[in-house]
Amino acid sequence: MSATMSGSGSAAPCRFAHYFVICGIDNETGLEPDALAALYQWLEADRQGRDPEAVAAGENFDQSPLKRTFKSKVLAHYPENIECNPFDQDAVNMLCMPKGLSFRTQRDSRTPQFHSFLITREDGSRTYGFVHTFYEEVTSPQICSAMQTLHQMHQAEHNASAHNCPSSSSSSSSSSSSSSMDSLASSLDEVESPSSTSSLQGGRRSCGCSGEGYDSVRDTLYVSKAMCLITPMPFMHACKRFLSQVHRAVISHQPPPLPLESYIYNILYEVPLPPPGRSLKFHGVYEPILCQRPGVGELPLADFPLSEAFQLLGVENLVQIFTCVLLEMQILLYSQDYQRLMVVAEGITTLLFPFQWQHVYVPILPASLLHFLDAPVPYLMGLQSKEGTDRSKLELPQEANLCFVDIDSHCIELPEDFPQFPNKTEFIQELSEVLLSFGLSPEGGNASPEPAVSSQTSMLEKELKSTSLSELVDDRKNGNLGGEALDVLELLQGNPTLERLQALAKRTGVKVARLEALAVGQKAVGEEGVGGRSPAEEEELKNAKLNVQLREVFAARFATMFADYESFVIQNSPDLESWLTNREQMHNFDKASFLSDQPEPYLPFLSHFIETQMFATFIDNKIMSQWEEKELLLRVFDGRIEKARLYNVRAPSLRSSVYQKCTFLKESAQAIEQRLRKIDHTAIHPHLLDMKIGQGKYQHSFFPKLQADVLASGPTNNKWSNRTCSTQRRVDRHRQQNDHLVLDNDLKEKYMQEARNLGKNLRQPKLSDLSPAVIAQTNWKFVEGLLKECKMKTKRMLVEKMGREAVELGHGEVNITGLEENTLIASLCDLLERIWSHGLQVKQGKSALWSHLVHYQTREEKNEQLLESPVSNGQEKRKPESSVGLPALRVSVIQDMRHIQSMGEIKTDVGRARAWIRLSLEKKLLSQHLKQLLSNQALTKKLYKRYAFLRCEEEKEQFLFHLLSLNAVDYFCFTSVFTTIMIPYRAVIIPIKKLSNAMTTSNPWLCVSGELGDSGILQITKNVLEMTFDCQNLGKLTTVQLGHDNSGLLAKWLVDCVMVRNEITCHTYKFPCGRWLGKGVDDGSLERVLIGEFVVPCNDDDGGRGSKTPPLQRSPSQIRRISITSLTGRGNKPTTVQIQESIGEAVNSIIKHFHKPEKERGSLTVLLCGEGGLVWALEQFFHHGFRSARIFQKNVFVWDFYERTVEFMENADQIGDLQETPEPLGLNCESFCRYVNAINNMPRNIGKDGKFQLLVCLGARDRLLPQWLPLLAECPVITRMYEENALLRDKLTVSSLIAVLETLHDFPITLESSLTKSVEL
C-alpha cells in the first residue's frame, strides 16, 4: 500500500488527472434511504419547530419510490490515495451525486448528464471534479423486488389517504392519479410537491391499475451511475470529451479498441499537465483531445464557457452580480441544472482577476447542507431548484444583503442601494461588442438546457474515429502498437471490404506485420480529416477566444482603476515576521489618499470595495512579495500595469473618469489560437496493459468492473514524471532555504490564517461529516467570527472618527471622509443584519432585525394597553437635558421605531432597519436600544434557535459593549442621509429672567437656518417664547435670526439665548445672544443673527456611563455672547499678542475648511461669525485703543467710526482732495463708501454690531478687507476716535494683518442668505 501511494503520489502535482472515480448503487448493501436526505428532513423539521425525531423515524411513503433518493456509494476510485490531494470519499460521493441515486424505467428519459464541481481545501487551494452521469439497467433481482415492495407500500398509503380525504371522488380515480403521478418527473429532479396536487395537474390519467408505476414483471429498472475525473486544474472541455468517449465505448455495440483500463491508466499516469504557455494532445477512446494552458504573463486558466454564463443571464445582469461579488455580499445562484450553477459561479470568480473570492464558496450546495444558507458571512453558493418549485416558497434565512440569481428564469434580485460599477454603461457596451463579434446576443436569452451528451455517433465522428485510430497505429515513437483487437477494429472502421476480412482475421489469427500494408492504405483515407479541424474543436477554439477576450475587458477595468495602487501601499515592516505579528494593528493601504485621487463617479463603489476582504488580501500579497515570490495573479496584474504605463504614459495625479477600452483583445486571442493550431506536446498513447485475461470483459451497456491492481499505481520510468520530480525537489530545496531565512512555515501559516480569517475560516463547509455536533461547531465558529468582526468594525469607526486624538494615541494618520464614514456605517448595518439573521427559527420579511423590532413593538403595545396607565413603562427613559427651557424627551426603542414608520420615503423593511440603526447611532442609543430589545428573553427564545448569536449570553454582552464604545463620538449619519424628510423642531427663547423685560409687548419672530436650508420666518405667539414647527430636514443647524416688530410700550427685550431641538434625533443647538433687542438700547438692533453651537447631551443613565469623552477641539463656550463694547470698561482687555493670535487662528480655520473635501466642510458661517471666528477676532482688533467713553450716557461703536470715515471721504471727494490720491486708493474709497451705505440703507434693523459683522463678511467674500484697512488706518478721523497706542494706528501691525487677510483670497467664500438678506450692492 505504501509503495502504491509513493508510486502514485510522486508525480501527482504534474499529472493531468489525480483520480478516476465510479459512483453508483452497491448491490451488496442494496437500497438504503439517503442518510443525508434524512438529515436534511431532520434539519427542516427542527427549523420549522416540529419534532425532528418523529420525522426521522417514519418512512416517506407519500412519495413514489422512483422519486425518492437512495444512498449512492463510491464503488471504486483509482489510485487509492495521493499525498498532495488525499481522497475525500464522502465529499466526492456527495458532489458526484448530490441527490443520491435516482431510478428510471424504460418509459422515462435517461439522457446522460454532465456536471462539474470543486472542493476547496482549508488552505484555499481547489480541486476540480468532472462528472458524467448515465443510466444502467439494474440486474440485481433483490433490488428490483425491493423497489416493487416499496411501490406497493406507496400505493397502499396513497389509497388510504385518498379514502380518508372527503374531497376525493372515488378510490379508483385516486389510485389512477397516484399511478400517473409516478411518471411525472422526467428529469433528474425529484419533485417534492405533494403527490395529489401534482397528479391533478399532470393530466396524464390512465385507467385502473395499469398505471405507469413500477412493475418488476412489466418494467425494466435503470439506476444512475457516475464516472468522475478529479483534476488539479479546471480543464473542463478536455475532461468532458474524455468521459463522453468512455461512455460511448460502454454503450457501443462493438468493444472499444483497447480495454477501458488502458485509457483510464493513460489519463491518470501518462498524460501530464501542459506546461504554462503550451498545448497538449492526448488520446481518448476514439478521438484525440486538445488542451492548452496560458503562459506566465497571461490570465490564469479558466475553461468554463463564459459565453454560456452571459447567454444565461445577459450582460447587464452579469455585471450587477459581478458588482455584488466584488462588494462581498451574499450571492445565491439558483437553477435546476448543476452545470449551470458551476458555469455561472466559476465564470464570475474568474472575472475577479486580480482579486480572489475569500469567503464561503460552494457552487453546488447539496440538499443536506441547506442549513449553511444560515451562515452570517458573505458567501457564493449554488442551490439546485426543484422542478416546478416557486421561488416565493424558497425560505432563505436572510435577504437584507442577498443577491438572488435565478439562472433558469434569467432574472436577479439585488440588495437595496448598493453602488454601481464605475462607467457601467460604457463597460456593458464594450462587453456587448465582444459578444456581438462572436455572434452572441448581449441580452442573453433563456438558452435551452445544455444538450445532453449524445449516444449516437455521427458520420463526422466516424470519420474522426478512423483518423485518430490510424494515427495511433502509425505513431511508432511511443512503441505503441496495439494488440490484435485494436489492429482489426482500427482497420475495419466503416470499410465494407475490410469488414469481410474480419471473419478471416478471427479464423486465421492474422499477425500485426501482415496488416501494416493495410494500415498504410487506411492512412490515405484518414488524412482527409487531418488538415481541417472538427466542428467540435472549432467550437472549443471559439469558446477559448471569447473567454479570454471577455476576461481581458474585465481585467483592463481593474488595471485602469488601480493603475497607481502601489503608491498608496504602506510598507513599514523591516521583515515578514514582524509584519505578520502586527498585521491586525497596521494600516496597509492609505485609503483616504487613494480615494481623494479618484474621479468623483468612482467613489461610491471604490469606497466600499477597498473595505473588502479580497482587497485586503490583495494588498497583503503585495506587501509579502517583498520577502517571498510574488503570488501568480499579482505578478500578472503588476505586469499589466507596467505594460499599460509603457503604452500610455500619464501622470498618476491626472485622474480621469474617461472610459478606456481594452487594447489587448487581439493578441490574447491570437496566443490561444497559435497554441491550439500548433500542438507543443503529444502524450503517450493508450496501450495494452499487463492485465489478467478474462477479467473486465466487455458487456454492452454495462460499465465493466475495472482491474484495480493495474490502475493502482503508475509507471516509474516516465520522462516527464522524473523531470517533474526533480523540479519539485528544486522548489522544495528553495523553499526550505527561504524558511530558514525567514521563519518557520507552520508559524507563518498560523499567522496568515489569523491575519485573514474573517469569514474565511469557513471557506467551504466540511462535506464528509455532518453530525449535529459538527453543525453546532460550525455555528460556534460563526458566532466567534461575528464577534471579532464587530470588534474590528467598531474600533475602526472610532479610530477614524476621533481625529487628532487618535493619531496621538498612535493609530496612524487619520482623515475620515463622509464617504468613508458612510461606507463604515453601511457595513455596520450589514453586520447587524447578519447577526440578527443567524439562527432564526422562522424567517419573516427580508430584514431579520426589523422583524424582531416589530415583534417587540407589538408585545410592548399590548402590555401598554393591558396596563392602561399613563405612566410610561420601565423601558422608556426621559432624556435629561443639559439646557434650561426645553422639556424632557421620552427615549424609547418604540418611539424611534414610530419615527421611522412615519417616514413615507422608506418603502422596505431593510431600509427601515438601516434608518433605525442610523438614528440610534446618531442619538448615541444604539447599544442601549439593542440591550432593551434583547432584554425580552421570551421573545428572543421564540424567534431564535439555541445556537444563534443572540442567545450566546457572553458574546452578546461583549457585542453590546463594543457598540457602546461608539457613543464616544458624534455621528450625523441619519441627518446627513435622509435630507428630504419632514422633521419636527422645537424652539425656546430664553430671556434673562432677573430683568423684568421677560414680558414684551412686541411680536417676536424667528428663522432657523441649517446646512440644508432654512425654515422661513416663523411668528411666535406673544409672551409664549416657545414653539414647535415641522420643516424639511435642515441638516446641522448654523444660525437663528431673531427679531421683533418694536410695537407696544414694552418693546425692549433682553435675550439670553435661543435653544432649538430636532425632535427625532434629539440634537440640541444653543444660539447665545446676551444682548438687547430694541430701539434706543444697546446698539439699537431689532434683529440679530445668532450663531449656533451643538449641545453635547449629558447622559446620566447606564447607557451612557463610562463612554463619554470631552468634546474634541472645542473652545470653552461662553454662557452668553457679550459685546466687546461692554467689556472695555471692565478691565479684562485682551493683550495685543492675544488679539494677533486670535486673528491668525480664525484665518487658519477658514483655510483648513477649504482644504477638506467639499462634502465634509461643515458650516463656514460658524468660522466667520461664531465664537473665535473672523468677525470676533477683527472686532477685538478694532476695539484695541478705541475711545468708546460714554458721551452723554451713549455708547460709541466701531460702526460709528466707519460712518464718520465714509462721511469724511465723501466730503473730501466733493472738495476734490481725493482726486490727487493714486487711482487704486480712490477705487478702494469708493467701494468702502458703497458697502457701508448699502448696509445702512437696508430695511433690516440689525444694529451697529450686526452691521459691523455683515461688512466684515462681505469684505471677506469680495476680497476687499485688505484694501480697506489702509484707508481706515490713514483716515484723519482715527486721531479723534483711537488712542495713540491702538493697533490700528501701528503701521507694522496693519501691514502684517493685511498679509494675513490676503491669504483668504485663494478661496471662494460664500455667505448664508440669513446674513446677506436684503443688502443691495
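Note that the structure is a prediction, hence the values are computed from the model and not measured.
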Pair [X] + [Y], salt bridge at N-O below 4.0 Å:
X	Y	result
Asp970	Lys924	yes
Glu954	Lys956	no
Arg986	Glu1063	yes

Could you check whether the rings of [X] and [Y] sit parallel, tilted or perpendicular, using 30° and 60° as the cut-offs?
X	Y	value
Phe974	Phe978	tilted
Phe421	Phe605	perpendicular
Phe949	Phe959	perpendicular

Looking at side-chain heavy atoms only, is the closest gap between [X] and [Y] below 4.5 Å?
X	Y	answer
Thr940	Arg951	yes
Leu930	Leu963	yes
Glu1026	Ile989	no
Gln932	Tyr856	yes
Leu933	Leu849	yes

Distance alone, cut at 3.5 Å: any donor-acceptor contact between the side chains of [X] and [Y]?
X	Y	result
Glu833	Ser847	yes
Thr1038	Glu1312	yes
Gln613	His359	no

Requested in this report: Of all the heavy-atom pairs spanning Leu326 and Thr612, show the shortest one and how long it is.
Outcome: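 In this case the closest contact between Leu326 and Thr612 is O-CG2, 3.4 Å.
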
Query - Whether Ser837 side chain and Arg834 backbone form a donor-acceptor pair below 3.5 Å - result: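 Checked: pair present.
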
Requested in this report: Indicate, with yes or no, if the rings of Trp916 and His929 have centres closer together than 6.0 Å.
Outcome: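 Ring-ring flag for Trp916/His929: true, centres closer than 6.0 Å.
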
Query raised in the report: Are His838 and Tyr947 close enough that their ring centres sit under 6.0 Å apart?
Result: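 Between His838 and Tyr947, the centre distance is under 6.0 Å.
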
